[in-house]
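Single-structure report; data block below.
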Protein chains: 2
Amino acid sequence: MSVEIKIALNDGIYLKDPQDSVLGRNILKHSIVLIDNVGFETFNFKKLAQEMGSTEASVYRYFENKHALLLYLVSWYWGWVSYLIKINTMNIEDPKKKLEIIIHSFVSASVDNPSTEYIDENKLHSIIIAEGTKAYRTKDVDKENGKGFFKNYKQLITTVADVILAINPKFKYPYALASSLFEMSNDHLYFAKHLPRLTDIKEEKNKHCEVENMLNYFSFKLLSYEIFIQVD
Amino acid sequence: MSVEIKIALNDGIYLKDPQDSVLGRNILKHSIVLIDNVGFETFNFKKLAQEMGSTEASVYRYFENKHALLLYLVSWYWGWVSYLIKINTMNIEDPKKKLEIIIHSFVSASVDNPSTEYIDENKLHSIIIAEGTKAYRTKDVDKENGKGFFKNYKQLITTVADVILAINPKFKYPYALASSLFEMSNDHLYFAKHLPRLTDIKEEKNKHCEVENMLNYFSFKLLSYEIFIQVD
DNA sequence: TTCAAATAATAGTAATACTATCATTTAAAA
DNA sequence: TTTTAAATGATAGTATTACTATTATTTGAA
């Protein structure tokens, strides 16, 4: 039996907290499976309700629309990764070691972690990879950002940026590197699977491990001190 | 009067080549303005037709649906950037100089370049930044990739990867770096504007210039030879 | 001038994205 | 144990979206 953790989410995202009821947890559970299967564009509340043996109207009592639901899932993921990073780096002093753990969490948190019963972290990670950016690439970003809907993402990136600065306090782009590591992790897992000519990561090999190596290589090279040999 | 160039696009993307007729070019022109204004999700062919003073049915003769139209625009952009890079690096020997030009093209091709009459490159770049990834983050990627719909993107990345390898033939991730530079350019321009806590780029300052500096810094540091001082 | 192709005008259908209403179940309070 | 409120289910309905079909009109090329 796993310990149930509850990830804190901005309460403006939902109409009624799905983590607090059986039906709500069912919505999360089945929406993850369904979005992963059919993709966000073809996903809708009618299909979800059918799949769950519930009704459209019931789902609408929890989320205003499917965008809010996606935002919830993505936000949950950000919060969950933050949580994992926190507990896994807790007793570690060396910030370089910490960054390695962070990168590992970005790439494969889902592979090797204890589960909240109603959330399939593996499938959720698939959703993040394929649909994640859609949660904040909309005309409502500014409005939603104003309401704090992306706080979990910002918090995650801030945590990472702090570790980056602990490694190299002179580094000029801690936030940009942090968010880029997160985005690159998802991008290259996606590219390896669907558009392999856009990456060097090979689907056949241990994809996750390869992405992890790459991100480690990138970040430690970027965070090394300035003395290096220019090529010419 | 500007010289009209015609960007080559996979002919499976459209039903009828919009570059070949007045109505077609009008569809491109107005769709760019409209998508930029209202966002891709709320954009539809009815609104477009209204805006243009044409009819929905006419638009449907050019594109199967709005996804195909987005793919067309994004694909056009990829082709256009490739073209710019080609002509701007033509007489340049030094691959480091070439990469600088490439990065400049990623960040601000739209700012300082001659125009195809019916395409507002500036607005198109906005669309790429906000909606670009939606063109290939769908359940149909594999099918569409099989038909060659993303060839322009791959070609662009291959060009860049070649330059990267010319700078440092031992570099292990030329394709990944190439696509990451492109994606980071768009991501950080977007973050600076909408989610500033996710980047170090400041909207108030010369955003484009700052992103360019950052990407130059990242790439040249990554492509330097291995001798560097580890921090500890 | 005539013919074919492109476009406009109009109408219609199926699916989507909701909203409203009321009945039923459940769970908690009195 | 009864009463009540809240949550859910069942059903229905509306407005919008995403198309398709049909026919009339315009345009341009032979």
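Numbers restart at 1 for each chain; the letters A, B, ... are given by sequence-line order, proteins then strands.
In the set D:dA7, D:dT17, C:dA9, the nucleotide with an atom closest to the side chain of A:Y62 is D:dA7. Closest contact between the side chain of B:R61 and the listed nucleotides D:dG9, C:dT7, D:dT17 involves C:dT7. Among C:dA8, D:dG9, C:dA6, the nucleotide with an atom closest to any side-chain atom of B:K16 is C:dA6. Residue A:N44 places its side chain closer to C:dT16 than to any other of C:dT16, D:dT17, C:dC18. Distances were taken from every side-chain heavy atom of A:A57 (C-beta onward) to each of D:dT11, D:dA18, D:dT17; the shortest belongs to D:dT11.
Distances shown here put every side-chain N or O of B:N65 at or beyond 4.0 Å from the OP1 or OP2 atom of D:dA18. Phosphate contact (OP1/OP2 of D:dT17, side-chain N/O of B:K66, threshold under 4.0 Å): absent. Of the side-chain N and O atoms in A:S58, none sit less than 4.0 angstrom from OP1 or OP2 of D:dA10. For C:dT26, the OP1/OP2 oxygens have no side-chain nitrogen or oxygen of A:S21 closer than 4.0 Å.
Aromatic rings from A:Y77 and A:H125 are positioned such that their centres are separated by under 6.0 Å.
B:L23 places its CG atom 15 Å from the C1' atom of D:dG28, with the value rounded to the nearest Å. Between the CG atom of A:L48 and the P atom of C:dC18 there is a distance of 14 Å, rounded to whole Å.
Here the side chain of B:S21 pairs a donor or acceptor atom with the backbone of B:G24 at under 3.5 angstrom.
Residue A:T138 holds its OG1 atom at 5.0 Å from CD of A:E144, rounded to the nearest 0.5 Å.
Nearest-nucleotide mapping onto DNA chain C: of B:E56 and B:V22, the residue sitting toward the 5' end is B:V22.
Across all strands shown, B:E64 has heavy atoms under 4.0 Å from sugar-phosphate atoms exclusively, and none from any base.
For the residue pair B:H208 / B:S108, no side-chain donor-acceptor distance below 3.5 Å is found, with atom types taken as modelled.
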